[in-house]
Every structure is written in structure tokens, then in C-alpha cells.
Amino acid sequence: MILAAYREWASEQVRQALQALGLPQSLPLEWRDLPFAYTWGIATPLAMQLAAQEKKINPDLDVPARAQEIAQRLAEHLAGILKGDPRFQRVEAVRGYLNLYFNPSHVARSVIETVLREGPSYGRGAPKGERVMVEFSQPNTHKAFHIGHLRNAVLGDALSRILDFAGFETIRATYPGDIGAHVIKCLWGYLRFHRGEEPAERRGAWLGQIYAEAEARLEEADAYRREVVRFLLGAFREEGITPWVREFLLNRLSEALVAHAASGPIGQKDTTLMIRAMATGELPDLDAIVDKDWLWSLWEAMGQWLEELAEKARGRRGKGGEADRQAVAALQAHYRAIGHRPEEWNYEKEIRALFARWEARDPELLELWRRTREWSLEEFRRIYEELDISFDVWFFESEVEEEGKRIVEELIARGIATDLRPHGPVVVEIDRLLGQEGKEEYRTLAILRSDGTTLYSTKDLALAKRKFEGFHIDRSIYVVDVRQSLYFKQIFKILELWGFPQASKCYHLAYEMVTLPSGKMSSRAGTIVLYEDFAAEARERARRIVEEKNPELPPEQKARIAEAVAKGVMKYSMLSVDNNKVIVFDWDAALNLEGQTGPYLQYAHARACRILEKAETPVRLEGDRLFETLEPQEVALIEAIATFPDLVQSAAERYKPLLIANYVFDLAKAFNEFYRDCPVLTAPPLIREGRLALVAAARQTIANALNLLGIPAPEVL
RNA sequence: GCGCCCGUAGCUCAGCCUGGAUAGAGCGUUGCCCUGCGGAGGCAAAGGUCGCAGGUUCAAAUCCUGCCGGGCGCGCCA
């Protein structure tokens, strides 16, 4: 903002110089920062561009030499006309660049004045008159809140803060997943293994454990079922089997299959699947087999067949008899090893029954859902509070289900969606609708299950409508992990086909996953890093260092500082990596308190506070002789301070909190270098006054920038 | 198969949108700096075929094309 004014002034001077020297003025003038440290000015490659242009007419031209010549002439001319201007310091031509240096004291004053005048608003952009909704943090209730969710929440929060500060009217929305398969599974696990239990605290996390346990048991049950079916279909071709045994088993099996096929259309379908599987030797899709009770009866029958076989084998004579007996014994051993576990066989059936109760709105189940849902939500609220993250709107998946179903009907009626029920789901064949059949760009999205129950997409369509119509937003940002990129592309396209003009203003801010050195986090393998544990460890490490550095502080202040440092270290480790980069979570790297970390920034802020506190004099900017001499470190610091407003706009435009994260680090670094080399309190009066004002401005800017990241800036660390 | 993302120092990452001077940090390693406002700091050294190959350009880590490695997506999951 401030620098922009200087840049404009410089541009005007260069334009006049070009005219005076009879050089072409057609090229757009570009300015860039000087690459050298501790200098203050801007540079333009204009002369190189002019020389390149001349080369088109004169191909033999030595471009670098000619560029330097032009730059030299411009520099000489500018030096002449700018002499005496208070803003100007010097101008030079280097390697074809035209470098223009500003009068440091002049700029210093205007920068610092601006910061001190605007205070917490320094860097705030003018109102844009545009309403933006940022949807972020969509954790599932009944599941654990882990560090992947943390990345999302921290990123969305920072983005919201940045957009708001940049001048957009920002609405922050969260969208917990409070219904769906995961909820049913969790409730099943609760009812089956933990009915009536309720821990006194951390009930949300406990529920997450129940969910993980349920998943594990279901997976185990699934493995069991597969083994059973594999044995049923493959026993006759096991190693060491004899023709006599094989024939017997195949006979019994075919009899059973024929009988089942005769039982009706379902039996026929199941039998077909089984026969095909037997032929190919591949396991059939278990979910496709409808009558699982029949499968189970087959399993029980298999036990009897083997008994029968064993009985008959006892009477077999000769060489073959021994082989037969051995084969049967092996089969029986295998059969017993797989075992008889009717409960596990039926887990899946129980889940389906629970789903049915849910769909029928069984009051008892609804009551349990409401109660347990609240356990999770109270934990989410506590986490958000802990992290200083707030929401203007709470959407719930459960609240948009019914509307979603209505929308699907509307889309069918308008020919956008294709109804394949009852043999398939309701789908939107997007590529076909766009007239690009054969292309695989948008593909096909299912928006309602064949049984009429809702999908994630059903609810998202309803949610989008609610955002547009209920909140009159101009723009809609979805902070969701990168795996859903195609999905959101599809949803936005459907919104467009549906006729929402805001569809083009929907943006999926994708971010990469948080993984572990060992790979993906998995609840099955028990490798999920809970937010809770991360935060506890962060607090503990922060507490230890506060204890070490400031043992004399009152305990409650130590606790407050540790809290702030923990927040800083967690958030910064999530924000200082670009969105599209996987964060491989490493405890020591994530919780390091030195180097490019949150506490480094907070430390710089605390140091500035300390100087201001010790000065015991108000910060003033009076008299003309301030900033007459400036150390390079002072110039660098002022420059860093001055770029903040531009950076805010850029971060908002590009949806990149990372820019702010990197910026605060550079700023804090500049401050620490200044701190080291430029004493404030012990300096002579005039210099002391100027530096004190600079410290105040630096402190303010660090605080403002940290605030955009949601990181607290304590006065004492 | 189709699509998206990543590949820069021993490790973790900025820089790429919008091409520009000697490619920057942090961690780690080595050596310094507290009788100065807080050493959670600062200074210095070592460390680079910017994945590879073409192309565009006066100029390429940056733009384009092709390849090679790695990750992810393409469900009646969310």
C-alpha cells in the first residue's frame, strides 16, 4: 500500500525520462524488489526488454550490452531530475537493470506512521462488497478427531481470517457428518458390546474408540465369512484331496445348489453367482449374495458331509483308503480351524437391521443417536474453543437429508438426473449431459441410492442450495481434502446444470493428507494420531520450556503461556507447508520450538513487548530529524513491515495462508536481526525515539499477521 | 486406462500463478557470540545436474511438450 505509492511515483519518473530520451514508451513498466539484502529500492528490467525489442530490427545486436547502455542513460537522466526530491536517494544501472533507491528516512517515517495510526487494522483491506462462505472442518461424529482434521480446521480458520481481513464479508461454516454408515456402525458397536456404558469424560474420544472397535470386529467378521465361502467353494480342490472325496463333496454341493436354485428367483441368482465362482476359483462378491442364511446352512451342512465322509472312509480298504482318510482328516481339521462362529457370521445382518431401524426412525435408536452425537459435538466444541476457532453457522448432514431427496426428484423431473431405481441408483451422467460422451472428464455421479436413502452427494446438493438461497453468498469455498477433487468438480458442474449462477464461484480448496512415516493413518492398525494426544504433548513440551526459561512467573501465567505456545507450534506446523503437499507427521518436527516455528514468531513479539515496556516512555513520532540515519537492519525491517498489506490481498486472492505463514517468519527474522544489532533503549535520544517507534510498528505487524493465522501473540513468553 | 498432485541442499520445505541479477529458509553438522533490550536468539562455514530430455525466450527452478520416479482419485463410502 505504502510501497505501491512509491512504485507509482517511480514509474512516473521513468516514463518522463523515457520521453525525454526519446525511447519507446510502449512497454509496460514492471518493478521488482531488489534482490540484495539491506538495500532499499526497486528495480526494473525495462532496459533489457527495450534492447530485446531493438534486436528484432537489428539481429546482430548484443542485447546485454545494449541493455546496460540504455539503463545507464536512464540512470543518468533520472539522477539529474530527481536530485533534491525528498523521496529519492540514488539510481544506478547494473547488468541491464535500472535500480532506484528511495530515501530511507522518508519511507521509514511514512511506513511507521501508518502502522501506528492503524494499529490492529494495519493491513486490513478495503471492503470488497462480496460475501464469501468458507466451509471447513467436517469431522464425523462418532469418530475420532485426529491431526488430519486439525490441518483442515487450522487451514480453514486461517483462510477465513485472511479473507475477512482482506475486506470480504466472510461467513464461517462447519459441517459435521452426524449421520451415515459410520454412525450406524458405531451405534451397533455400542449396543452390541458396550450397551449402557458412558464414561465420565472424553466421551467423544471414547465413542471414537467404539467406532474403531466396531470396524475392527466387522472386518474380522468379513474375513471369517470369506474364509467360510472360500472353503465351501474350494474344499473339493484342496491339496491332497482324493477323487473319491472330491466326487462326494461335489455331489452334495450340487444337490444343495440345485435345491436352492429351485427355491425362487433369489435362489437362482445366488446359485448362479456361486457356480460361476466355483468355475473360476475366485471368491464371489459376498455383498452380491442375497440369501446369507442359506450360505450359513451350507456351511453347517458341510460339517455334516465331512462327518459322513469320515464315517464312510473308515470302511475303505486298500491303498486308496488311507489316502481318503487322510484327505478327510485334513479337510475336517481345516473346517474346524475356520470354525463355527454364527454371531460373527451375522454381524453384517445386524448392521443392516440397524440401518433399517434408522430409516424407519425407530424412536429408541434416534434417542441413542441424539445422545451419542452430543458426546462428539461437545468434544468438537471444546476443541474449537481450545484452538480459538469459531463458526457462524453449523450445518449438519442430518438436516439436509430430506431436502436432498426432494432435490433429486426435481433433477429427475428436469432431465438432469437419471433414475435407475430399483435396479440402480439415481445418477447424473455429467459427460453425457455436456455432450461429451466417451470423454472421462466428469464421469457419472450417483446422487441417491437405489433404496431411496441419501448419499453424501444428495446432502451436498441440498447444502449448496441452502448456502446460496439462505445466506445470499456470492462465493462458496469448500476446504476439503484433495481426494475429493473429482467429486467437487462433479458437484459444482451439477449445480451449474441445475442453474445456479454461483456455481462458477464455488471453489474446492484442496489440501493434502497428514500421513505418518509408516504410511497412512489407520484406525484398524491403531495408528491414528488424535488431536487430543498431539495437543497434550505440545502443551507438555511448552510447559517444560516455560518452566526452564521463566521459573519465577506465577503458575497460572505459565499455564497461559504454555497454552499459547502449544497453539502456536501446532498451528504453525500445519500452516507452513503448502496445501498440496503431504505432511508426513513427525512428533519432533511438528513440536520443535526452535527455528521456523510458531514460538519463534511469538518470541520475537515478546521481545518487542519487553523493549516497549522497559522504555517507560510513550512512542512518539515528532520532529523532522527522525530516521536520518538508518542501519541496514532497520531498513530491512521497515521494508518487511511495509509489504504486509499487499501480502494480505495476495493471500486472500490465492487462498494461501502459507504466504502469511512465510511472511511472519521473514518479519520476525528481520526483527531478530534488528534486535541483535540495533540497541534501542541505550541509543542516543533521537535514534532511540525512532527505533522505539519502529519496535512498536514491528510488534503491531507481527501481532496482526499472527492473528491471521489464529496464533496468539503473548506479551511474555 | 483416464485424471489430479508431488519431485529444489543429508532431512523437512519456500520460491513456480505473474520468467529476470549470485536458487533461499529451517532442521542436522562444524565453529563462534550472553559485564548490551530475554540465547525459544544471532553470526559464519560446509552442503545444489532445481527428477530427465527437448522446446519457447535476450533470459527458464519458473512457461510449453514428452518421459521417469512417488502419492492420490475414478463406489449405491464420506
Polar side-chain contact [X]-[N] base: donor and acceptor under 3.5 Å:
X: A:Arg654; N: B:rC17; answer: yes
X: A:Arg676; N: B:rC43; answer: no
X: A:Asp666; N: B:rA14; answer: no

What about the rings of A:Phe145 and A:Phe380, do their centers lie closer together than 6.0 Å?
-> yes

A:Asn579 side chain to A:Glu512 side chain, donor-acceptor N/O pair below 3.5 angstrom |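 Side chains of A:Asn579 and A:Glu512: no pair found under 3.5 Å.
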
Tell me what [X] touches on the nucleic acid: a base, only sugar-phosphate, or nothing, going by heavy atoms under 4.0 Å.
X: A:Asp586; value: nothing
X: A:Cys678; value: base
X: A:Val426; value: nothing

How does each nucleotide of nucleotides 72-78 of chain B score, in 5' to 3' order, for protein heavy atoms under 4.0 Å: base (B), sugar-phosphate only (S), or none (-)?
-> SSB-BSB

Residues in side-chain hydrogen bond (donor to acceptor under 3.5 Å, both in side chains) contact with A:Asp62, at least two apart in sequence or another chain = none

Test side-chain hydrogen bond (donor to acceptor under 3.5 Å, both in side chains) applied to A:Gln436 - qualifying residues, sequence neighbours left out =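 Scan of A:Gln436 (side-chain hydrogen bond (donor to acceptor under 3.5 Å, both in side chains), adjacent residues dropped) gives A:Asp431, A:Glu441.
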
Could you identify which residues of residues 690-698 of chain A place a heavy atom less than 4.0 Å from some atom of RNA chain B, listed by residue number, or say none?
-> none

Once the angle between the rings of A:Trp587 and A:Phe585 is folded into 0 to 90°, is it parallel (under 30°), tilted (30 to 60°) or perpendicular (over 60°)?
->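 Answer is perpendicular, since the angle exceeds 60°.
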
Look at the side chain of [X] and decide which nucleotide, out of [options], has an atom nearest to it.
X: A:Tyr600; options: B:rG41, B:rC16, B:rC37; result: B:rG41
X: A:Glu594; options: B:rA21, B:rA25, B:rG41; result: B:rG41
X: A:Lys669; options: B:rG38, B:rG26, B:rC33; result: B:rG26
X: A:Tyr603; options: B:rG39, B:rC37, B:rC17; result: B:rG39

Can [X] and [Y] be counted as an ion pair, charged N to O under 4.0 angstrom?
X: A:Arg449; Y: A:Asp451; answer: no
X: A:Glu547; Y: A:Arg544; answer: no
X: A:Lys567; Y: A:Glu563; answer: no

What nitrogen or oxygen pairs link the protein and nucleotides 55-63 of chain B at under 3.5 Å?
none

Please set out all donor-acceptor pairs under 3.5 angstrom arising from side-chain atoms of residues 655-667 of chain A, sequence neighbours excluded.
unit_1: A:Tyr655; atom_1: OH; unit_2: A:Arg475; atom_2: NH1; d: 2.3
unit_1: A:Lys656; atom_1: NZ; unit_2: A:Asp578; atom_2: OD1; d: 2.3
unit_1: A:Tyr663; atom_1: OH; unit_2: A:Ala640; atom_2: O; d: 2.6

Non-neighbouring partners of [X] that pass side-chain contact (heavy atoms from CB on, under 4.5 Å), sequence neighbours left out:
X: A:Thr515; result: A:Met513, A:Val582, A:Val584
X: A:Ala446; result: A:Pro425, A:Val427, A:Leu455
X: A:Glu401; result: A:Ile179, A:Arg361, A:Thr454, A:Lys459

Sort by first number and list every stem of RNA chain B: at least 3 consecutive Watson-Crick or G-U wobble pairs, both distances under 3.5 Å.
-> B:1-7 with B:68-74, B:10-13 with B:24-27, B:29-33 with B:41-45, B:51-55 with B:63-67

Within the sub-3.5 Å range, which N or O atoms of nucleotides 7-10 of chain B have a protein N or O partner, and how far apart are they?
unit_1: B:rG7; atom_1: OP1; unit_2: A:Lys581; atom_2: NZ; d: 3.0

Mind listing the side-chain donor-acceptor pairs of residues 486-493 of chain A below 3.5 Å, one per line with the distance, residues two or more places apart or on another chain?
unit_1: A:Tyr487; atom_1: OH; unit_2: A:Asp460; atom_2: OD2; d: 2.9
unit_1: A:Gln490; atom_1: NE2; unit_2: A:Tyr442; atom_2: O; d: 2.8
unit_1: A:Lys493; atom_1: NZ; unit_2: A:Glu496; atom_2: OE1; d: 3.2

Rounding to the closest angstrom, what is the interatomic distance between B:rC6 and B:rU62 at atom P?
-> 13 Å

Phosphate oxygens OP1/OP2 of B:rC6: is one of them under 4.0 Å from a side-chain N or O of A:Asn580?
-> yes

Answer whether the closest heavy-atom distance between the side chains of A:Leu694 and A:Glu634 falls below 4.5 Å.
-> yes

